[in-house]
Amino acid sequence: MSQEQKTSIFQAKTIAEARLWKQREIALIGQTLGFVPTMGNLHRGHGSLIAEAKKQCDKVAVSIFVNPIQFGPNEDFEKYPRTLEADLELCTKLGADMVFTPSVSELYSRALEQSSFVDVPEELTNKLCGKFRPGHFRGVATVVSKLFNIIQAHKAFFGEKDYQQLLVIKRMAEDLNYACEVIGLPTVREADGLAMSSRNQYLSAEQRELAPVIFQILTQLKIQVREQNISIKKALETARTDLKIVGQDKLKFDLQYLDACDPNTLEIISNDAQNPDLHPEIVFLIAAKLNEVRLIDNLKV
Ligand code: PAF
C-alpha cells in the first residue's frame, strides 16, 4: 500500500456487526475503546472529540444516528443535515476505527408505545432546554443508553456546548452503573466566538452576523460577575435587556432562557443578589432563537 493510501474505516450498519467488531478488535486483544456519539454532519467540534478519544484510548468508534425520539413534533428532524459520505471521509481522516450507522428500525425495532425508555430525574431534565423541548432528554438518555450497551466503550466523549445534555448523560451513566466513563470537552468556537453546531448552517448571512452576540453576552456576564463584582441577578437583568435591543425589526433574538446555575447540579441561582463570590463556580446557560434557528451556548465562570 502506498503512503498516501488510507485504510478505509469499518462501517457497522447493524448492532450485530458493531458487536462483532468490538469483540474482534477490542475485547479479544485487550484494547481500550473510546466512543464519540454523534448525529452526523461532523464539524471541528466533533473533530476535537475524536482527537481526544484517540489520545486517551487505543481505538475509537463514532456513531452517526439522527435520533428521531429526541426531536419534538415541530422540530427539525426531517431537515437535520445528513452528510454521511463527508462524515465517513472525515472520520477516516481523523483516524477513527469504526463508524456505527444504524437505521431507525435497527435501533427502534418496536413501535414507540411498546418500547422502554430511560428517564433521568426532573431536577435535571425539566428546566432550561427541557422546559422548551419536552421529552428531548428522555430521547437523548434512551438513545445514549442503547448506544452504550451496543458499543460498550471504556470512555465516551461529549461536547460541553450541550452542557445540560452532558450532565443528564453523566447522571444516567452513574445511576445505571455503566462502566463507561463520560467525559466532557470544551466547546469549539468559530473565530468570532459562535459555538460550532450543525444547526449554524440554517442561519442566513444576516443571522450569522448577529449570532456571535450570544457568546458576547456570556463573556460580558463573566466580566461583570467575576471582575466587576456585580450581583448575578443584576448582571443577568442587564444581559437580557441588551439581548432584546440588538438586531433590527425583523431580526431579533427570541430569548428562551438565560440563567446562572450551579455547574454540577444545575440548581438555578439567577436571583442571587448577593456578592457573586459566594458562588465559586457558576455556569451561565442561554438558548435563543433567531427566527426559526435555535442557538444554545454556555460559559463556566
Ligand atoms: O449531541 C448529540 O449529537 C446527540 O444529542 C447525541 C448525544 C448523539 C444523542 O443523539
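We number each residue from 1, following the sequence as shown. Both counts, for ligands and for their atoms, begin at 1 and track the order of listing.
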### Query
Are D297 and R189 within salt-bridge range, i.e. N to O under 4.0 Å?
yes

### Query
Looking just at side-chain N and O atoms, do Q11 and T101 make a donor-acceptor pair shorter than 3.5 Å?
yes

### Task
Flag yes if F77 and L107 sit in one hydrophobic cluster, no otherwise; membership is Ile, Leu, Val, Met, Phe, Trp, Tyr, and two members link when side-chain heavy atoms are under 4.5 Å apart.
no

### Task
For R294 and Q256, test the side chains for any donor-to-acceptor distance below 3.5 angstrom and give the result as yes or no.
yes

### Query
Using a distance-only test with no angle check, is there a side-chain donor-acceptor pair under 3.5 angstrom linking Q216 and D242?
no

Distance-only donor-acceptor pairs under 3.5 Å for side chains of residues 27-39, two or more places apart:
residue, atom, partner, partner atom, Å
T32, OG1, D58, N, 2.9
T32, OG1, D58, OD2, 3.3
T38, OG1, G40, N, 3.0
T38, OG1, S63, O, 2.7

Between ligand 1 and the protein, which N/O pairs fall short of 3.5 Å?
residue, atom, partner, partner atom, Å
ligand 1, 1 (O), Q165, NE2, 2.8
ligand 1, 5 (O), Q70, NE2, 2.9
ligand 1, 5 (O), Q165, OE1, 2.7
ligand 1, 10 (O), Q70, OE1, 2.6

